[in-house]
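Given the structure is predicted, the values throughout are model-derived calculations rather than measurements. Every chain is numbered from 1, with letters handed out A, B, ... down the list of sequences.
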Number of protein chains: 2
Amino acid sequence: MNRPTRSRSAAPAKVTLEMVAERAGVSPSTVSRILNGTAVVSPEKRTAVDEAIATLGFVPNPVARGLAGGRTFSVGVLTQAIDSPFYGAALRGIEGALGAAGYSPLFMSGHWQADEESRCIDVLRSRRVDGLIVLTGRLSDSALRSVARSLPVVVTGRRLKATNLVSLDFDHREGARQATQHLIELGHRRIAFIGGVAEHPDAVEREQGYRLALEAAGVRVDPALVVPGAFTEHSGVLAVERLLERRVRFTAIFAANDQMALGAALALYRAGKRVPDDVSLVGFDDVAGSLYAVPPLTTVHNPIQEIGELAARAMLALLAGEKARVEVPAPRLIVRESTRALGA
Amino acid sequence: MNRPTRSRSAAPAKVTLEMVAERAGVSPSTVSRILNGTAVVSPEKRTAVDEAIATLGFVPNPVARGLAGGRTFSVGVLTQAIDSPFYGAALRGIEGALGAAGYSPLFMSGHWQADEESRCIDVLRSRRVDGLIVLTGRLSDSALRSVARSLPVVVTGRRLKATNLVSLDFDHREGARQATQHLIELGHRRIAFIGGVAEHPDAVEREQGYRLALEAAGVRVDPALVVPGAFTEHSGVLAVERLLERRVRFTAIFAANDQMALGAALALYRAGKRVPDDVSLVGFDDVAGSLYAVPPLTTVHNPIQEIGELAARAMLALLAGEKARVEVPAPRLIVRESTRALGA
DNA sequence: CTGAAAGCGCTTACAG
DNA sequence: CTGAAAGCGCTTACAG
């Protein structure tokens, strides 16, 4: 063991609740109650305690609070990849909202694997987080419901009803419908679709939106135009290469996310096809890089940072025992420079 | 207070160290010592305890460990922006290395402001983290030294000697020198430089590298070619616009980071200048998006995920009371498609 | 090598 | 409205 030598010269001597109590001439219980707003306290004692806290510079020890009170003022956040341009924005929203309320997020990455996600939840639980925010992921609905039996849960990316659980669902289908319709309105009929990870609910809904828009416009869905992807830039490159190899004719591409759209743009560039002159391109999510792509990418805005904030606020509400009602913003298309009217 | 109703139907009943002790027929002290490897224990007791732990499914409560032992098995990570494409990779490296050792990272974003960074450190400290990893930032060396007097510190982006502190410094100057020299070797002489945040050490070093390479080649540094930036895509756009407005002649641009290079690429595109046909472009960092830019960006690889891992390992070493010796990889240029020989 | 005991810094029934 | 006391689940000197 490395002995904690504690040359307390720099760090402030730890001041405890007991010291505050003594200085204020009250019992520790009273100080605790004032801190937690747990009971009504006479004004005199309250000011005495407030003053003692201020002059002593007392900061409650969350570790002790956690042990004694069963609340750690931390909430677990199960993300899929902490370094994702997409989830990053959500984490930022969560960090801000939670921090403002004195809660700390504990981030873990599940890497899109249900078993890893379960392990993360175990760790988070052993850390005694007060609640759990799950950013999409592959866990089953019932697994989530079961977690919610012992821990408040907020989950994004699905519609799920359960006690002690709030779900925030963004309308991916509608977003994808808008994206596809935009291309149709520009005169495109041969619109390729690059799909996302097959089992992923977002991917499924986005493909539905694509089909919906085509059908509504009376355009037959040509299976040859639908190619699989994996939500990565590289998979976007491969998808376009496949389309090109097969000599499928298309004048536009709708990719199920921006990362794949960016990959598609590169593959088109390599093939000597210009965006939007030869091929119009639409993505989904509106990640930070899309605005600075060459050309700037037309895409569906996914308010992921806001969703992170909403998720955090919903969690705070659950923890306060309030009913959390959340309204997720509707998707909207951002038309930039990667799309153009056919033949224009 | 929201009463913890504890319908423990789903969650496993909490099993404590005491229960393990009882089942194994030893004292809690012994169980604790086995868990921590704190003392030599007879083989029989050890197996008895191991078995009890296994059958009971005991998981030590880190909160209690934190209170009693003064160690929380968590380390604070002061990043500047959790949603940064750049820091994201470092966080991933940290998460992996720490997690493998049973430690949890506590991430906070300082947003490039010394006062916010200080506040983050206060919060992290109040959370009783066992150590602190600081990813660059604006804190003064002495502030960091002072923190290190009471908490092990690992800091990236500077060279700093102090007890209880390890610094990992990447050679930005050399990287920038290589980038600039690459352009020189391609025949470029009129090489613009887009700088980073002025007070930022990385920015300073990268500019030094630029100047060094030019001087070594006997090329005069034309002040008109050096424009300020702020490490954001938008600032890259502005920088090129400024260059263009001033009618400064240049055949290549070296941007102090990839994000600015990407912004520069967009501004050039808007101005009808093609990369690399009309202007060669080099960035710095090799963030994920650079590989999929159109055209793929030539840049200096910054092994930021690896640096995150190294930082975490150094922290683990400090916590174990070992001497941490770390070797940061040298920078290396990645030539892609945004640079071309002058006149070719 | 191993226990009994005290203690980490709070919270919370339990009694006034 | 407010205290005294027990307890949260561990660790760690202190004694064998």
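Look at the C1' atom in both D:dT12 and D:dG16: the space between them is 16 Å, to the nearest Å.
Side-chain polar atoms of B:Thr30 and B:Ser27 form a donor-acceptor pair below 3.5 angstrom.
Among residues two or more places apart in sequence or in another chain, the side chain to side chain contact (heavy atoms under 4.5 Å, CB included) test is passed with B:Thr136 by B:Tyr87, B:Trp112, B:Thr156, B:His200, B:Asp202. Residues forming a side chain to side chain contact (heavy atoms under 4.5 Å, CB included) with A:Ser140 (at least two apart in sequence, or on another chain): A:Ser142, A:Ala143. Qualifying side chain to side chain contact (heavy atoms under 4.5 Å, CB included) partners for A:Pro28, counting only residues two or more places apart in sequence or in other chains: A:Leu17, A:Ala21.
In this structure, A:Thr38 does not reach the C:dT11 phosphate: none of its side-chain N or O atoms is under 4.0 Å from OP1 or OP2.
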One character per nucleotide, please: for nucleotides 3-10 of chain D, 5' to 3', B when the base has a protein heavy atom closer than 4.0 Å, S when only the sugar-phosphate does, - otherwise. BBB-BBBB
For residues 304-320 of chain A, tabulate all N or O donor-acceptor pairs below 3.5 Å that involve a side-chain atom, not counting sequence neighbours.
from: A:Glu309; atom 1: OE1; to: A:Arg313; atom 2: NH2; distance (Å): 3.4

Cut-off 3.5 Å, no hydrogens considered: what does the side-chain donor-acceptor table look like for residues 47-65 of chain B, sequence neighbours left out?
from: B:Thr47; atom 1: OG1; to: B:Pro43; atom 2: O; distance (Å): 3.2
from: B:Thr47; atom 1: OG1; to: B:Glu44; atom 2: O; distance (Å): 2.8
from: B:Thr55; atom 1: OG1; to: B:Glu51; atom 2: O; distance (Å): 3.4
from: B:Thr55; atom 1: OG1; to: B:Ala52; atom 2: O; distance (Å): 3.4
from: B:Asn61; atom 1: OD1; to: B:Val63; atom 2: N; distance (Å): 2.7
from: B:Asn61; atom 1: OD1; to: B:Ala64; atom 2: N; distance (Å): 3.3
from: B:Arg65; atom 1: NH1; to: B:Asn36; atom 2: OD1; distance (Å): 3.1

Below 3.5 Å, can you tabulate the donor-acceptor pairs from side chains in residues 92-100 of chain B to any protein atom, sequence neighbours excluded?
from: B:Arg92; atom 1: NH1; to: A:Asp83; atom 2: OD1; distance (Å): 3.4
from: B:Arg92; atom 1: NH1; to: A:Asp83; atom 2: OD2; distance (Å): 3.1
from: B:Glu95; atom 1: OE1; to: A:Ser109; atom 2: OG; distance (Å): 2.9
from: B:Glu95; atom 1: OE2; to: A:Ser109; atom 2: N; distance (Å): 2.7
from: B:Glu95; atom 1: OE2; to: A:Ser109; atom 2: OG; distance (Å): 3.2

For DNA chain D, what dot-bracket results from Watson-Crick or G-U pairs at under 3.5 Å, with [ ] for crossers and | for inter-strand partners? |||.||||||||.|||
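For residues 155-170 of chain A, every residue pair satisfying the salt bridge (Lys or Arg N to Asp or Glu O under 4.0 Å) rule, not counting sequence neighbours, is listed here: A:Asp141-A:Arg158, A:Arg159-A:Asp169.
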